[in-house]
There are 2 protein chains.
Amino acid sequence: MHKAAAERSNDVFAAQLAPVGRETVQDRVYSELRRALIGGLFEPSQVLTIRGLADALVTSTMPVREALGRLITEKALEALPNRSVRVPPITLERIDDLLRARILIEGEAISLAATRIGPRGIATVEALLREWDQVRALKHKKDIDREVTLNQSFHFEIYRACGSAVLIPMIESLWLQSGPCIRVAIYAFSEAGEVDTAHYHRSIVAALAAQNAQAARVALVADISRPFAFLREKLQSKARTE
Amino acid sequence: MHKAAAERSNDVFAAQLAPVGRETVQDRVYSELRRALIGGLFEPSQVLTIRGLADALVTSTMPVREALGRLITEKALEALPNRSVRVPPITLERIDDLLRARILIEGEAISLAATRIGPRGIATVEALLREWDQVRALKHKKDIDREVTLNQSFHFEIYRACGSAVLIPMIESLWLQSGPCIRVAIYAFSEAGEVDTAHYHRSIVAALAAQNAQAARVALVADISRPFAFLREKLQSKARTE
DNA sequence: GATTTTGATATGTGATCACACTTGCTTTGA
DNA sequence: TCAAAGCAAGTGTGATCACATATCAAAATC
């Protein structure tokens, strides 16, 4: 009967209605927490409680605890021996470790993408770049979240072109893990004044347009290394003063 | 008071009692499912149900559903649109994708490990190698599970030496994903007769002992490529006959 | 006889409850 | 005054229930 219903709807409503989807509450909670982590909305070492998050997200504890469990397995969160869960703290070893892994895997992904991204893909990332320029031109200073989102879209639009269903989830996991660090780095940027961040992205697009995998990899490494270098310096200077 | 109790126990019982630990049921279910997946105890495309697993593991549904959710996020299992969950099916693209990622990441890990693994680590992997030879010498043929476990211990004993808290979980995730494929490959091995699998492991140990990172990487790539090549050939021949 | 409808069973999801453990503060005793 | 004991609030874990949906086979209709 369902098949018949689907066929009838195909006949009559296909052009008018879009499928509504059946996203579960748990999926929404998971997505929301991911977004918050990648955007750096949580501080490193911050402790999260199931009931607290459930209240904040206006659901029950059930979807939250399953989402937290999933985030713990991908190392986006950390389970303490007390069974409480927190955002992993930043250490010098950890940011070096994360940067090395990101260079390795995202470098490979963009290297693959360079020969597979088509003119359509190039056009899409160029459009994102223009949109990003517009946001920066406004100099609102408070659109950090918007810039972070655009940066994420830019990178993942490229990575998607590598065509690897294995590498992309790993890159997402790495972004999830470095999200809280990036937040700290962004604040360091604000203090250190403006840097020409757009330059690296233009180099990446130029290399991709030329299908030059090696140049794309080099430009990408420079791009993702920059905030980590800032963060590293900041941590070291803080360690010296203590 | 707890502190006082701990101190008292320190005084009197420290030499006699070991800490009992507080592993949750969910952790045990998760470990058990991981073991089954890496060992290839589940077939590709096999559908798993929460209640079915809960009955098999003699627990309630709660720990199982959370463990399944965690395995789905690390792509060890797949969530169908029906909301049922299955072991990911094997495709030619997927095994190529998995092999490429494993070569990339495990190659990097062993390259780092080559300069960091000490004489103690070398001794440990050599001991594993000898144990493995003994198992093979018995020719029991039915100790496939034992060989799989030893192979896993051998590799991860090396990877642990790379000292990266980021890379190792990624490698675990890759093994989790390629577990069901490996099972198929092992059966292909049995049909194809014996191959000198120990040779690759000896090359790896020799390269590590010489602290030759490049040689270790090459030997490792040969080792992990072998079952994938078998599997690939088998899949292609099956595709031709259909 | 083939197709559709219908109903029973099975399954995932979310909510709620009970329990054990932790944590922080208050009270008690020296 | 200070440390130890005890109490109370908070938190994670596991079990159970209710409900919506999926699945599959039997029955009804053309």
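In what follows, chains carry the letters A, B, and so on, assigned in the order in which the sequence lines appear, proteins first and then strands, with residues in each chain numbered from 1. Given the structure is predicted, the values throughout are model-derived calculations rather than measurements.
If you run salt bridge (Lys or Arg N to Asp or Glu O under 4.0 Å) between A:Glu172 and each of A:Arg102, A:Arg34, A:Arg160, only A:Arg34 comes through.
To the nearest angstrom, C1' of D:dG10 lies 12 Å from CG of A:Asp55. Computed from coordinates, the B:Leu57 CG to D:dA15 P distance equals 12 Å when rounded to whole Å. As rounded to whole Å, 13 Å separates atom P of C:dC17 from atom CE of A:Met62.
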Using the 3.5 Å cut-off, write out each protein N or O paired with an N or O of nucleotides 10-13 of chain C and the distance between them.
residue: C:dG12; atom: OP1; partner: B:Ile50; partner atom: N; Å: 3.4
residue: C:dG12; atom: OP2; partner: B:Ile50; partner atom: N; Å: 3.1
residue: C:dG12; atom: N7; partner: B:Arg51; partner atom: NH1; Å: 2.9

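A salt bridge links B:Glu131 with B:Arg146: the distance from a Lys NZ or Arg NE/NH1/NH2 to an Asp or Glu carboxylate oxygen falls below 4.0 Å.
Inter-residue side-chain proximity for B:Val85 and B:Thr49 is flagged as unmet; no heavy-atom pair is nearer than 4.5 Å. A heavy-atom distance below 4.5 Å is not found between the side chains of A:Arg51 and A:Val64.
In this view, A:Ser31 satisfies the side chain to side chain donor-acceptor pair (under 3.5 Å) rule with no residue, not counting sequence neighbours.
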